[in-house]
Engineer: 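Quick one: the structure is below, and I'll ask about it shortly.
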Amino acid sequence: MAQHVTIITGASDGIGAELARQIAARDGATAALVLAARSQDKLAEVAKACEAYGAHVFVRPTDVGQQDDCKGLIADTVARYGRIDALVNNAGMSAHALLDEVQDMAWYEHLMRINLWGSAWCTHAALPHLKATRGLVVAVSSLAGLVGVPGRTAYSATKFAMTGFFEALRVEMAPHGVGVTIAYPGVVATEIRYRGFNAQGKAAGKSGLDERGAMSVATCSRLILDGMARRQRDIVMSAKGKLGRWMKLLAPALVDRMALAALKNDVRPH
């Protein structure tokens, strides 16, 4: 029975880990999952859960902030399986800081390296193999990649960049039968917010977002999985996200107020 080979970056926890588990539960022995992240121990735990469903799993420790690691991930996948059917660019870092509180912007560049360049490097290396299978590229962006969120100048910049990169790539790949799906999660109950950068470029340890009504990781991952199955162009996951996307064209000042309201009072611009 032929295996469907899916690479997932940022697969050690959160959305990436849950997406891997859901694919394994759905596809069983027909799934070949390549799990990439920096933590080998966490990847091993996710692999064990996926293997319990009968999936074949290849754990490949990877730092997407390093171009050679991204190239190596793709090369090692092809060496093992001979093909790539889907690449899910999920690895990323969060950040929350008002620009005028930032002293050294070096971490802005580092964040771009992880969120944009990690996705770009992995995708570029995988393209010949995805063209051969008429496969699918998935980019996990954010609603902050559709609407600029105050306090998230760095994060929004990386996610807007991802959106532009993958929208352009979609058109380039259409003649080759390669699909490009961009997912735009809103507030999801993951740990990424607590590890994200603060104004000093350190782990914030807390979220600046109003998280009442945050979407569960399981629901977010299921929506991405469903969108992948349909080779959907865009996956905008919440009613507020869908509304904001259109209202940005019709009433941009209202969307600015909506973005401000998404923040906790103590981190709003003052």
Engineer: Can you find a heavy atom in the side chain of Phe165 that is under 4.5 Å from one in the side chain of Ser119?
Structural biologist: no
Engineer: If we only count heavy atoms from C-beta on, is the Arg83 to Gln3 side-chain gap below 4.5 Å?
Structural biologist: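 The answer is no, as the side chains (C-beta and beyond) never meet within the 4.5 Å cut-off.
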Engineer: Could you go step by step and tell me if Met173 and Lys131 meet the side-chain contact (heavy atoms from CB on, under 4.5 Å) rule?
Structural biologist: CA-CA 8 Å; Met173 288 295 104; Lys131 287 163 70 173; 4.2 Å; yes
Engineer: Closer than 3.5 angstrom, by distance alone: can the side chain of Arg152 be matched with the main-chain N or O of Ala95 as a donor-acceptor pair?
Structural biologist: yes
Engineer: Is any side-chain N of the basic residue among Asp226 and Arg222 closer than 4.0 Å to the acidic one's carboxylate O?
Structural biologist: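 Yes.
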Engineer: Between atom SG of Cys122 and atom CG of Asp69, what is the distance when rounded to the nearest 0.5 Å?
Structural biologist: 9.0 Å
Engineer: Within the distance-only criterion (no hydrogens, no angle test), does the side chain of Asn115 pair as donor or acceptor with the backbone N or O of Met93 below 3.5 angstrom?
Structural biologist: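 Yes, Asn115 side chain to Met93 backbone: donor-acceptor pair under 3.5 Å.
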Engineer: Nearest 0.5 Å, please: how far is SG in Cys220 from CD1 in Ile15?
Structural biologist: 3.5 Å
Engineer: Could you tell me whether a side-chain N or O of Gln232 sits under 3.5 Å from a main-chain N or O of Thr181, the two making a donor and an acceptor?
Structural biologist: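 Checking the backbone N and O of Thr181 against the side chain of Gln232, no donor-acceptor pair under 3.5 Å is found.
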Engineer: Do Met215 and Leu223 have side chains that get closer than 4.5 Å, going by heavy atoms?
Structural biologist: yes
Engineer: For the pair Trp107 (side chain) and Ala199 (backbone), establish whether a donor and an acceptor sit closer than 3.5 Å, ignoring hydrogens and angles.
Structural biologist: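 It does hold such a pair.
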Engineer: Main chain of Ala36, side chain of Arg60: is a donor-acceptor contact present, judged purely on distance under 3.5 Å?
Structural biologist: no
Engineer: Nearest 0.5 Å, please: how far is CG in Leu19 from CG in Leu35?
Structural biologist: 10.0 Å
Engineer: Does the side-chain contact (heavy atoms from CB on, under 4.5 Å) test come out yes or no for Ile84 and Val34, once each step is laid out?
Structural biologist: CA-CA 10 Å; Ile84 299 172; Val34 180; over 6 Å; no
Engineer: Under the 3.5 angstrom rule, does the side chain of Thr6 hit a backbone N or O of Ala86 as a donor-acceptor pair?
Structural biologist: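 No, the answer is negative, given that no donor and acceptor are paired below the 3.5 Å cut-off.
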Engineer: Considering non-hydrogen atoms only, spot the tightest contact between Met112 and Ala161 and give its length.
Structural biologist: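 Nearest pair, atom of Met112 first, then Ala161: SD-CB, 4.1 Å.
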Engineer: Going only through I, L, V, M, F, W and Y residues with side-chain contacts under 4.5 Å, is there a path from Val137 to Tyr81?
Structural biologist: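 Yes, one cluster joins them.
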Engineer: Test your reading of the model: is there a side-chain donor-acceptor pair from Thr9 to the backbone of Asn90, 3.5 Å cut-off?
Structural biologist: yes
Engineer: Locate the shortest heavy-atom distance separating Ala11 from Leu43; write the atom from each residue and the value.
Structural biologist: C-CD2, 3.8 Å
Engineer: Treating Lys159 as the side-chain partner and Val140 as the backbone partner, does any N or O pair qualify as donor plus acceptor under 3.5 Å?
Structural biologist: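 Side chain of Lys159 to backbone of Val140: a pair is present.
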Engineer: Could you go through the salt bridge (Lys or Arg N to Asp or Glu O under 4.0 Å) check for Lys48 and Glu51 one step at a time?
Structural biologist: CA-CA 5 Å; Lys48 186 175 181 181; Glu51 288 168 344; over 6 Å; no
Engineer: State the CD1-CG distance between Ile7 and Leu130, to the nearest 0.5 angstrom.
Structural biologist: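 With rounding to 0.5 Å, CD1 (Ile7) is 7.5 Å from CG (Leu130).
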Engineer: Specify the closest pair of heavy atoms between Ala17 and Val46, including all atoms of both residues, with the distance to one decimal.
Structural biologist: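 Between these two residues, the closest heavy atoms are CB-CG2, 3.7 Å.
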Engineer: Looking at every non-hydrogen atom in both residues, tell me the closest pair between Ser12 and Ser39 and how far apart they are.
Structural biologist: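 Of all heavy-atom pairs spanning Ser12 and Ser39, the closest is CB-O, 4.4 Å.
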Engineer: State whether the side chain of Ser156 and the backbone N or O of Ala144 hold a donor-acceptor pair below 3.5 Å, judged by distance alone.
Structural biologist: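 Pair found, side chain donor or acceptor close to backbone of Ala144.
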Engineer: Go through the steps to decide whether Asp27 and His4 satisfy the test side-chain contact (heavy atoms from CB on, under 4.5 Å), and finish with yes or no.
Structural biologist: CA-CA 9 Å; Asp27 297 342; His4 189 277; 5.6 Å; no
Engineer: Which heavy atom in Pro128 sits nearest to a heavy atom in Ala125, and how many Å separate them?
Structural biologist: CD-O, 3.5 Å
Engineer: Is the closest side-chain heavy-atom distance between Trp121 and Arg113 below 4.5 Å?
Structural biologist: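 Trp121 vs Arg113: side chains touch.
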Engineer: Find the distance between CD (Gln200) and CD (Gln103) and round it off to the nearest 0.5 Å.
Structural biologist: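 With rounding to 0.5 Å, CD (Gln200) is 8.0 Å from CD (Gln103).
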Engineer: Please name the pair of heavy atoms, one in Ile23 and one in Ala31, separated by the smallest distance, quoted to 0.1 Å.
Structural biologist: CG2-CB, 4.1 Å
Engineer: To the nearest 0.5 Å, how far apart are CG in Leu146 and CG in Asp234?
Structural biologist: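 Output value for this atom pair is 7.5 Å.
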Engineer: Is it true that atom CZ of Arg170 has more than 12 heavy atoms of other residues, nucleotides or ligands lying nearer than 6.0 Å?
Structural biologist: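 More than 12 heavy atoms, drawn from other residues, nucleotides or ligands, come within 6.0 Å of this atom.
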Engineer: side-chain contact (heavy atoms from CB on, under 4.5 Å) between Leu169 and Leu127: does it pass, once the steps are laid out?
Structural biologist: CA-CA 10 Å; Leu169 182 67; Leu127 277 187; 4.2 Å; yes
Engineer: Is there side-chain contact between Arg38 and Pro61, with heavy atoms separated by less than 4.5 Å?
Structural biologist: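 With C-beta onward as the side chain, the pair stays apart.
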Engineer: If two hydrophobic side chains count as joined below 4.5 Å and joins carry through other members, does Val5 share a cluster with Tyr53?
Structural biologist: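 In one cluster: no.
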Engineer: Does the side chain of Thr153 come within less than 4.5 Å of Tyr108's, by heavy atoms?
Structural biologist: yes
Engineer: Within the supplied structure, the quantity of interest is the number of heavy atoms (other residues, nucleotides, ligands) at a distance under 6.0 Å from His176 NE2; does it exceed 12?
Structural biologist: yes
Engineer: May I ask you to test the Thr77-Ile74 pair for a side-chain heavy-atom distance under 4.5 Å?
Structural biologist: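 Thr77 vs Ile74: side chains apart.
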Engineer: Could you check whether atom CD of Gln40 has more than 12 heavy atoms from other residues, nucleotides or ligands sitting under 6.0 Å from it?
Structural biologist: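 No, not enclosed.
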Engineer: Do the side chain of Thr123 and the main chain of Ala120 share a donor and acceptor less than 3.5 angstrom apart?
Structural biologist: no
Engineer: Do other residues, nucleotides or ligands put more than 12 heavy atoms under 6.0 Å from Arg233 CZ?
Structural biologist: no
Engineer: Got Tyr184 and Met237 here, is their nearest side-chain heavy-atom distance under 4.5 Å?
Structural biologist: no
